[in-house]
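Below: one structure, written as structure tokens.
Residue numbers begin at 1 in each chain, while the letters A, B, ... track the order of the sequences. Worth knowing before you read on, the calculation uses all heavy atoms, side chains too, and leaves out hydrogens, waters and symmetry mates.
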Amino acid sequence: MSTASSRAGGTPQDSTTEEGLTPVIETSKEPAADRHGGVPPLLEVSDLHVSFPSEAGPVKAVRGVSYSVRPGEVLGIVGESGSGKSVSSMAVLGLLPDSADVRGSIRMDGRELLGLNDAKMSKIRGKDIAMVFQDPLSALTPVYSIGTQIIEAIQVHQDLDKVKARTRAIELLDLVGIPDPHQRVDAFPHEFSGGMRQRAMIAMAIANDPKIIIADEPTTALDVTIQAQVLEVLKKAQDVTGAAIVMITHDLGVIAGFADRVMVMYAGRPVENGPVDEVYYRPRMPYTIGLLGSIPRVDADERRALTPIDGTPPSMVALPKGCPFEARCPIAIDVCREREPELLTAPGANHPSACHRSRELAEGGGEGLLDPATIYPIPPLPEAHEIERLPREERTAVLEVDNLVKHFPLLKGAVFKRKIGTVKAVDGITLEIKEGETLGLVGESGCGKTTTLLEIMDLTGGQAGSVTVFGKDVREVKGAKARKALRRDMQIVFQDPMASLDARMPIGDILAEPLKTHGWDRARTDARIPELLELVGLNPDHSDRFPQEFSGGQRQRISIARALALEPKLVVLDEPVSALDVSIQAGVLNLLDELKSRMGLSYLFVAHDLSVVRHIADRIAVMYLGRIVELGETRSVFHEPSHPYTQALLSAVPLPDPQKERARERILLTGDLPSPANVPSGCRFRNRCPKYLQLNPGEQQRCESEDPQLHTLAPDHTAACHFAEALAVV
Amino acid sequence: MSTQQNVQHEPEADATPALLPPRRVGRGRLTLRRFARNKLALVGIGILVLLFLFAYLGPLVDKWGFDDHDFEAFLDGPSASHWFGTDQAGTDIFALTTRGLQKSLIIGILVGLITTTLAATLGAAAGYFGGWVDRVTMWFVDMLLVLPSFLIIAVLSPSFAKSTWLILVVLLALFSWMITARIVRSMTLTLKDREFVKAAKYMGVSDIRIIFRHILPSMASLLIIDGTIQVSLAVIGESSLSYFGFGIQPPDVSLGTVIADGTSYATTYQWLFWFPAGFLVLFGLAIAFIGDGLRDAYDPNSSNAKAQAKAIKEKGKSKGDESDEVPGQRVGSTEVLSQA
């Protein structure tokens with residue numbers, strides 16, 4: 001049952017599994033280097049340059065990328081958006097527009113690919129090199145069935161008749177774990193969930209037994225539990241085909257467990273390149289160090305401020321003369337401004353990095369050396385607000401939600417609509433936020449998080465249950481005036497900072513809007529705006545600029561500034577950092593932390609990223625299909641997750657730590673989140689529950705018939721499972 | 001600059017009454033500034049002003065009135081006495097053109113404005129509020145679309161015959177806003193669920209404010225383009241009404257009627273057609289230029305206004321400070337900030 005084996009670089013793990021708890025366990029393979037020592041590289045990219053023409057001059061998207069992949073090896077390419085990681089792989093596939101200027105060399109099995117015409121490339125694409133795209137919905141044609149599309153992919157490269165190709169398509173779907181492939185082969189993309197679409201994409205990618213699979217952010221659009229499933233499938237696909245995988249992602253956690261080697265890219269160039277363990281444990285380039293330090297970790301116990309990398313990546317049109325990272329680098333010296341460093345192996349290091357000072361960067365520091373752990377100034381933890389120092393019982397509640405319900409009728413018919421069902425988006429939620437407290441609400445997409453938020457923000461009271469804000473039941477708040485007064489104290493920050501700011505207003509007007517609405521006069525408003533911009537770390541001069549002149553992180557800061565303009569007591573944050581790059585995300589999280597302590601705010605923080613929630617929240621509520629299944633103090637929920645869903649969720653979060661990640665046992669959930677229109681009887685998690693499978697029939701009967709209620713496990717820790725039992729998974 | 005620096009160091013500037021809080025540039029001023037940067041739009045405004053001057057000052061200079069007949073000159077080409085020539089009844093074309101232009105300028109601009117305002121307000125209200133507001137408005141829109149507007153104007157025309165011709169403007173506007181309103185409504189339906197509208201709602205901004213501050217500006221391009229088209233359509237529409245004997249009645253003229261009368265002579269006695277038609281084209285061009293300028297000024301994504309904004313910024317940089325253009329608009333220069 002437990003087959004987690006160790007790798008060469010990893011510490012030998014005695015993979016003890018608690019008896020009868022984990023149904024599916026991730027297996028890891030022998031290190032790639034051992035298996036493929038001396039084998040000539042399959043794909044060799046050398047000195048690749050890509051530039052696109054633009055109004056402002058050529059955009060140098062890729063500036064000298066070289067890498068090679070051996071058969072069966074997994075190469076991870078990480079970098080922030082705009083670092084050229086996707087463009088370089090598109091160049092390999094020959095999918096760049098004609099206007100792109102591509103130079104260098106791309107050789108596969110010794111054959112030069114660059115310069116081949118489209119017809120010749122088409123023979124290679126899909127056959128020798130396959131691609132898995134980020135967004136599985138737009139990568140599949142909506143008007144053809146999944147089967148047709150896979151059969152097409154097979155028939156393009158293989159001489160198979162229709163019947164054989166169809167049989168092969170069914171085999172492939174079965175291989176990637178689509179249940180009931182004989183029927184599903186005729187389903188259309190919209191009938192598949194996101195995770196199943198991505199599986200179908202992988203089935204298509206491996207249809208012709210490719211030598212290389214290029215996966216461009218294959219799991220970014222998916223939830224963590226689905227991400228774990230898809231990564232598993234990708235691994236299986238690799239085992240079956242023996243293909244090499246080039247995995248492009250921004251998620252350092254995914255790479256840690258999946259890749260053999262990793263290449264970090266910045267501003268169109270690789271800045272560090274080496275075996276995963278080397279790069280993660282002994283980084284030699286300040287950017288990599290910063291990136292690793294800026295990720296909140298789900299296994300981090302003590303609360304510490306994250307180390308953000310200041311500034312934003314340079315424009316790819318007008319790159320500075322020296323090192324492109326110089327402006328954001330904490331250890332930049334004069335030579336960094338003069339000359340761009342080459343990707344070289346420094347003495348004492350065993351992997352190349354592009355930094356003038358990489359020889360000085362050694363673990364532990366020492367005489368004349370720099371310790372990677374301390375080169376970034378760690379921002380001080382903000383001092384706790386006086387409210388936060390009070391014991392929880394003595395604080396007043398700012399938000400109480402009691403048994404909130406929101407059902408949507410499912411209607412059918414054009415003229416006469418008749419009700420054919422109910423979507424139970426929110427089905428009885430109870431939570432409470434005290435002053436100066438952060439409650440993290442986590443769950444997969446579709447579990448009703450956002451509906452809960454909107455129900456609270458709408459101040460209408462919902463269909464059943466009650467919402468009490470600052471001690472006032474919202475249903476008793478009558479009239480627009482009283483409601484407006486309540487709104488002053490509760491504000492919201494949305495996920496997408498571009499969509500939540502009116503693109504046609506200068507940010508000065510955006511920030512003035514709440515003030516104006518609540519009756520501030522012009523003079524006071526005008527004085528307040530520069531103050532607000534400074535509060536969130538923006539230049540107060542920029543109030544006459546439009547939102548699109550700012551980067552994503554800056555825009556989110558503007559959103560936060562707007563929410564704080566009226567000095568509210570409660571701020572509702574709907575996935576505030578999930579649209580941001582990790583290095584930027586750290587800055588925003590630190591800002592939220594600091595503002596909370598300074599102003600004594602309470603947050604309702606909704607997110608799907610558990611590591612972010614762990615970093616920021618005091619208490620956590622885990623939501624599944626319209627219900628809270630586990631609720632409690634952050635520490636105890638993370639240490640002793642007791643609901644099987646929480647356990648699965650936590651175990652699916654990848655850790656940016658290769659050895660830990662490889663040694664972890666993953667609880668893989670089967671299937672997808674059921675539709676909230678069709679909630680299972682009894683316990684709503686039972687059809688995906690790993691624990692349910694191990695119960696005896698009598699106990700199973702209880703899960704099927706009785707809806708579990710939240711019951712207390714420890715002070716301030718409740719879970720809704722009949723057989724709740726703590727299990728450490730992080 | 002010195003006061004501005006002080007503001008930098010003491011954010012609570014309003015505590016000291018001697019210090020004026022920094023002036024913030026709002027959307028209105030910013031749009032105006034961006035509009036003023038657009039040369040073509042300024043040309044458009046120039047043409048429009050000249051057209052008005054021509055229409056109202058022209059008759060003062062010309063010795064012929066629009067209802068005078070020169071029985072010594074029928075269908076004469078442009079000459080010293082008749083600058084634009086005469087028609088078959090000996091009427092001076094210059095006098096007709098100026099008189100017609102007076103009417104058409106007013107009709108065009110008013111109908112354009114009223115139509116677009118009506119369409120924007122009703123369409124957005126229907127889409128935003130939904131429910132019975134939506135149903136009643138759309139029912140009304142559908143009814144107006146089905147009713148033959150031409151017939152109604154024709155039927156109503158006699159009862160307005162004695163009152164001012166401006167009634168015509170109202171009628172024309174009343175029958176041309178529906179399709180735009182439907183487009184506005186459907187765009188509102190999608191905008192309504194955007195996060196910035198929700199954000200405004202959760203801030204406590206009133207519904208009417210949300211419509212005028214967020215929803216309508218977001219479709220400014222559509223409204224402006226529609227407005228410019230409506231202006232030209234109104235001028236043409238009025239002439240076809242006049243042709244059938246409704247609208248502007250002879251002996252009074254509008255540009256539309258003058259052109260309609262001259263069309264058949266376009267190849268033989270060209271001055272009858274080309275002079276009035278030329279002014280209509282000028283009018284249309286001016287409106288189009290202004291519309292384009294407005295759209296670019298409203299749209300922060302417009303590459304046009306952006307490129308210009310950049311150029312100005314660079315100019316400002318080389319000059320050292322931009323604020324000499326619009327004094328007091330900046331809180332302080334970036335140098336001041338970095339020192340602080």
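- Within the 4.5 Å cutoff, side-chain heavy atoms of Met203(B) are placed close to those of Gln491(A).
- Taking a 6.0 Å sphere around CG of Leu147(B), one finds it holds more than 12 heavy atoms contributed by other residues, nucleotides or ligands.
- For Thr517(A) against Gly204(B), the heavy-atom pair with the smallest separation is CG2-O, 3.3 Å.
- For Met498(A), no part lies under 4.5 angstrom from a heavy atom of chain B.
- Annotation: Tyr298(B), atom OH; neighbour count of heavy atoms from other residues, nucleotides and ligands within 6.0 Å does not exceed 12.
- Counting heavy-atom pairs closer than 4.5 Å to chain B, the top-ranked of the candidates Ile492(A), Leu454(A), Leu486(A) is Leu454(A).
- In this structure, the portions of Ser500(A) lying under 4.5 Å from any heavy atom of chain B include both its backbone and its side chain.
- Minimum interatomic distance between Phe494(A) and Glu195(B) (heavy atoms only, all atoms of both residues): CB-OE1, 3.2 Å.
- Ranked by non-hydrogen atom pairs under 4.5 Å with chain A, the options Ser206(B), Ala200(B), Ser218(B), Ala199(B) are led by Ser218(B).
- With a 4.5 Å cut-off on non-hydrogen atoms, Arg209(B) does not touch chain A at all.
- Here the shortest heavy-atom pairing between Arg504(A) and Ala220(B) reads NH1-CB, 4.0 Å.
- How far NZ of Lys198(B) is from CG of Leu453(A): 10.0 Å, rounded to the nearest 0.5 Å.
- The CZ atom of Arg194(B) sits 8.5 Å away from atom CG of Asp502(A), with the distance rounded to the nearest 0.5 Å.
- Side-chain contact between Ile510(A) and Phe196(B) is absent, with no heavy atoms from C-beta onward closer than 4.5 Å.
- Atoms CE and OG1, on Met505(A) and Thr31(B) in that order, are 10.5 Å from each other to the nearest 0.5 Å.
- Of the two parts of Asp496(A), the backbone and the side chain both hold a non-hydrogen atom closer than 4.5 Å to a non-hydrogen atom of chain B.
- With respect to chain B, the highest number of heavy-atom pairs below 4.5 Å among Glu513(A), Arg483(A), Arg562(A), Gln495(A) belongs to Glu513(A).
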